[in-house]
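For clarity, every value in this text was computed on a predicted model and none was experimentally measured.
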Amino acid sequence: MAALSKSIPHNCYEIGHTWHPSCRVSFLQITGGALEESLKIYAPLYLIAAILRKRKLDYYLHKLLPEILQSASFLTANGALYMAFFCILRRGLLTIYMANLATETLFRMGVARGTITTLRNGEVLLFCITAAMYMFFFRCKDGLKGFTFSALRFIVGKEEIPTHSFSPEAAYAKVEQKGEQHEEKPRRMNMIGLVRKFVDSICKHGPRHRCCKHYEDNCISYCIKGFIRMFSVGYLIQCCLRIPSAFRHLFTQPSRLLSLFYNKENFQLGAFLGSFVSIYKGTSCFLRWIRNLDDELHAIIAGFLAGISMMFYKSTTISMYLASKLVETMYFKGIEAGKVPYFPHADTIIYSISTAICFQAAVMEVQTLRPSYWKFLLRLTKGKFAVMNRKVLDVFGTGASKHFQDFIPRLDPRYTTVTPELPTEFS
């Protein structure tokens, strides 16, 4: 805490925009670079989304460009305005530092200061708890709405939704009718069909509890098919994510194309999603057999056990994101029930505070920032975030220059308040 009382005599050129002494020029350079990168991110994103959604010509002519510019300007402002206020406030570093101390609950910063002890597989435990609550809300009537409900329905299947518009008798009749249609017109055998036939042959005579709503399959087949389906989805998602990187080296390193299909992460994500679904479905069926009823509370146990699947694909990012979305969901439920107050523009305030914390870490303690976000900031600012003079910030005790020990900015003495240290080659 003693470091908070210390001050530094340097100006914003000596600390922040060390590549140019002019605040205005530095601001324009940051803005230009951020705008360029923002357009590279959002232009293809919105274009692909429009194609997939089969937008009409009117959308491309009148709405596509404004939406791209709106999102690009939003992201550009994040990088550009930070540098602007860095120069305007001059001593704003201390204020942001105080904000950082007020938010020591941030896990990575707490660990760096020794105030929080890391828990082995903590991200898995957090995911287990989050999954238990999500699946409980999913099973409850009007528990989840919108995209979250649709996503979970896609992952675990509509069979786990407690209410259906058809009766069991109608479902059995529908299954028999489908069987007759298959006899009349044989289905063309492709790879998926062969796998399905193989699974059906293994689990053909397995049991199914009367409370289970997977009328076309027995409980064993139900779990195995769920694993295969979501394993395939996870594998394909990871393959698609690696396509840009693989094709970038198509001509220089053709052998890297093999890694597109035979990569460890592909199978890890597939195993994560597949085992999550199969464990959840298997536990739900088991509890229906044991208790002889279908209860929403089963989802808590099944969801928690299914969360162990993250051992295949450990991700603090996924766990933290889903946990924060769960808090948001519970907050809005509290508002609907009249139990908690509604705060206007709360999302804007939370975003502003979160951005301040992340930028604070990017200046004062890069080692506590998520590596992927740090790379994003470097890309957004064309690498200029890395050339700040962090050595003079070490007085605050955060290890600001920990990863920049060999960097000394080339400063023009005419614009500095303290005689600058010469780079090693000139000293």
Report yes or no: is the cationic atom of K281 (NZ for Lys, CZ for Arg) closer than 6.0 Å to the six-membered ring centre of F286, at no more than 45° off its axis?
no
Would you please say whether a donor-acceptor pair under 3.5 Å links the side chains of E67 and Y59?
yes
Decide yes or no for Y331 and V340: does some side-chain heavy atom of the first lie under 4.5 Å from some side-chain heavy atom of the second?
yes
Please enumerate all residues that pass side-chain contact (heavy atoms from CB on, under 4.5 Å) together with V327, with sequence neighbours excluded.
none
Check whether Y60 forms a cation-pi arrangement with R53 (NZ or CZ under 6.0 Å from the six-membered ring centre, at most 45° off the ring normal).
no
Working for side-chain contact (heavy atoms from CB on, under 4.5 Å), residues N389 and K391:
CA-CA 6 Å; N389 192 5; K391 284 194 173 183; 4.1 Å; yes
Distance from W374 atom CH2 to F385 atom CZ, nearest 0.5 Å?
6.5 Å
Tell me if a side-chain donor or acceptor on D394 pairs with a main-chain N or O of A400 at a distance below 3.5 Å.
yes
To the nearest 0.5 angstrom, please state how far the CD atom of E123 sits from the CG atom of L125.
9.5 Å
Do T329 and M133 have side-chain heavy atoms sitting under 4.5 Å apart?
no
In terms of ring plane angle, is the pair F276 and Y280 parallel, tilted or perpendicular, where the classes change at 30° and 60°?
parallel
Under 6.0 Å between ring centres, would you say that holds for F272 and F231?
no
Indicate whether any N or O donor in one side chain lies under 3.5 Å from an N or O acceptor in the other, for H403 and R390.
no
Of K375, K382, K384, the one forming a salt bridge (Lys or Arg N to Asp or Glu O under 4.0 Å) with E37 is K382
Listed partners of I41 passing side-chain contact (heavy atoms from CB on, under 4.5 Å), at least two apart
L75, F376, R379
Please indicate whether Q70 has more than 12 foreign heavy atoms, meaning atoms of other residues, nucleotides or ligands, lying under 6.0 Å from its CD.
no
Using side-chain heavy atoms (C-beta onward) and a distance below 4.5 Å, is C285 in contact with Y222?
yes
Applying side-chain hydrogen bond (donor to acceptor under 3.5 Å, both in side chains), name anything that partners Q367, two or more places apart in sequence or on another chain.
none
